[in-house]
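Chain A is the first sequence line, chain B the second, and so forth, proteins listed ahead of strands; every chain is numbered from 1.
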There are 2 protein chains.
Amino acid sequence: MQKMNNKNKIFIDKLRSSGLRPTNQRVEISKFLFNRKKTFHFTVEELKNSMNLKRSKKISTATFYNTVHALKSAGYLKEFSLENNTSYYDTNISSHHHFFDNGKVIDINSDKITFRKLPEAPKGKKIKNVEVVIRLENNN
Amino acid sequence: MQKMNNKNKIFIDKLRSSGLRPTNQRVEISKFLFNRKKTFHFTVEELKNSMNLKRSKKISTATFYNTVHALKSAGYLKEFSLENNTSYYDTNISSHHHFFDNGKVIDINSDKITFRKLPEAPKGKKIKNVEVVIRLENNN
DNA sequence: AACTACTTTATAATTATTCTAAAGTATGTG
DNA sequence: CACATACTTTAGAATAATTATAAAGTAGTT
Ligand SMILES: [Mn+2]
Ligand SMILES: [Mn+2]
Ligand SMILES: [Zn+2]
Ligand SMILES: [Zn+2]
């Protein structure tokens, strides 16, 4: 019973191609994640809290986890880790780099970093990707 | 009542300078961690299991966590994260790089990677360190 | 030996995540 | 539309990693 207006088509398509029916909850999550200009880095808990804050009828934790996992498996989200034991997700699925600044994450486009020297992959292996983390601290 | 033989002095010193009395449990952990030629990458659970396997009187989980945390705070261990929700520790505390190969972690010495181009730190920030992860996959 | 401070340990609590099973919703068929 | 069937949502239970608690043990000091 999804109103299939053009406005939501792109978000619905991501769900469909992730093997998910575009239910209301899922479409709202998909819109929340992908209807923005800048990359979004988030934990499931952060996503849940910021979406549910504005809602009278809350979306359940399980639905957030399920939807995020399906979108990740389909390649619409990338998972990464900081130095705590929580999964972070990134709406920028290209191979790219990051500044880490006290828990804040900022994208660095791939072309902003190039290498003069890189090691070979060990025997029998090949390089899947190369990603750089630049850790920041305050001046002085 | 620690037997202060020279053999253990270096491991005891790491504990002392981490603010820990060199008890038997702690000295054994320190030796297990630092008495090796190659870098050791581990989770607390792995450390606990491999040490306790050989022991009749087990060291408790809390002692493993406490000791690892103190050694980390003192700078004798470095923490890092893979894409699951577990903390890994690294006995190589220098800024260096890694191959990640299906959960296996291999050190890459700092001088094996150099940059042609690197972005500036944002206003008011400076770069603390730059670390590279090279993800591997099998050939073919 | 007695006193005190630090340590170890078992166990409880917490957090992030996953699982389960029941109730809800959508879709297809006649 | 009526029913069957399949997929969803949800609350709550279960699990895994970690941290907290508090009692019993040990060490260092007088
Ligand atoms: Mn977990
Ligand atoms: Mn945790
Ligand atoms: Zn990113
Ligand atoms: Zn390392």
Asks: Establish, with yes or no, whether the OP1 or OP2 oxygen of dT10(D) is under 4.0 angstrom from a side-chain nitrogen or oxygen of Gln25(A).
Replies: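 True: Gln25(A) side-chain N/O within range (under 4.0 Å) of dT10(D) OP1/OP2.
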Asks: Could you list all the ring pair (Phe, Tyr, Trp, His ring centres under 6.0 Å) pairs where at least one residue sits in residues 115-140 of chain B, not counting sequence neighbours?
Replies: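 For residues 115-140 of chain B: Phe115(A)-Phe115(B).
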Asks: With sequence neighbours excluded, tell me which residues meet ring-ring contact (aromatic ring centres under 6.0 Å, His included) with His41(A).
Replies: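 Once residues adjacent in sequence are excluded, the partners of His41(A) under the ring-ring contact (aromatic ring centres under 6.0 Å, His included) criterion are Phe80(A), His98(A).
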Asks: Kindly write out the residues that satisfy side-chain contact (heavy atoms from CB on, under 4.5 Å) with Ser110(A), not counting sequence neighbours, or none if the list is empty.
Replies: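 Result, side-chain contact (heavy atoms from CB on, under 4.5 Å) vs Ser110(A): His97(A).
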Asks: For Ser56(B), give me all partners under side-chain contact (heavy atoms from CB on, under 4.5 Å), at least two apart in sequence or on another chain.
Replies: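 Result, side-chain contact (heavy atoms from CB on, under 4.5 Å) vs Ser56(B): none returned.
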Asks: Does a side-chain N or O of Tyr65(A) approach OP1 or OP2 of dT18(C) to a distance below 4.0 Å, or not?
Replies: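 No, outside the criterion.
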Asks: Going by salt bridge (Lys or Arg N to Asp or Glu O under 4.0 Å), name the residues that satisfy it together with Asp90(A), two or more places apart in sequence or in a different chain.
Replies: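 Listed in chain order: nothing, the list is empty.
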Asks: Quantify the bending of the helix from dA1(C)-dT30(D) to dG30(C)-dC1(D) as the angle between its end axes, each fitted on five pairs, to 10°.
Replies: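 Between the first-five-pair axis and the last-five-pair axis there is 10°.
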Asks: For Arg55(B), what residues pass the side-chain hydrogen bond (donor to acceptor under 3.5 Å, both in side chains) criterion, not counting sequence neighbours?
Replies: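 With sequence neighbours excluded, Arg55(B) shows a side-chain hydrogen bond (donor to acceptor under 3.5 Å, both in side chains) to Glu28(B), given in chain and number order.
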Asks: Not counting sequence neighbours, which residues clear salt bridge (Lys or Arg N to Asp or Glu O under 4.0 Å) with Arg135(B)? List them please.
Replies: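 Salt bridge (Lys or Arg N to Asp or Glu O under 4.0 Å) list for Arg135(B), sorted by chain: Glu83(B).
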Asks: Mark yes or no: Lys14(A) above the aromatic ring of Phe34(A), with NZ or CZ under 6.0 Å from the six-membered ring centre and no more than 45 degrees from the axis.
Replies: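 The answer is yes; both the distance and angle limits are met.
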Asks: Is there a side-chain contact between Arg26(B) and the phosphate of dT7(C), meaning an N or O under 4.0 Å from OP1 or OP2?
Replies: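 True: Arg26(B) side-chain N/O within range (under 4.0 Å) of dT7(C) OP1/OP2.
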Asks: Distance-only check: which donor-acceptor pairs under 3.5 Å involve side-chain atoms of residues 127-134 of chain B, not counting sequence neighbours?
Replies:
residue   : atom : partner  : partner atom : Å
Glu131(B) : OE2  : Lys78(B) : NZ           : 2.6
Glu131(B) : OE2  : Ser95(B) : OG           : 3.3

Asks: In chain order, what residues pass the ring-ring contact (aromatic ring centres under 6.0 Å, His included) check against Phe64(A), with sequence neighbours excluded?
Replies: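 Once residues adjacent in sequence are excluded, Phe64(A) has no partner under the ring-ring contact (aromatic ring centres under 6.0 Å, His included) criterion.
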Asks: Near DNA chain C, counting only heavy atoms under 4.0 Å, which residues of residues 53-61 of chain B show up?
Replies: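 Of all residues in residues 53-61 of chain B, the ones placing a heavy atom under 4.0 Å from DNA chain C are Lys57(B), Lys58(B), Ile59(B), Ser60(B).
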Asks: Go through residues 66-82 of chain B and report each residue with a non-hydrogen atom lying under 4.0 Å from DNA chain C, sorted by number.
Replies: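 Nucleic-acid contacts, sorted: none.
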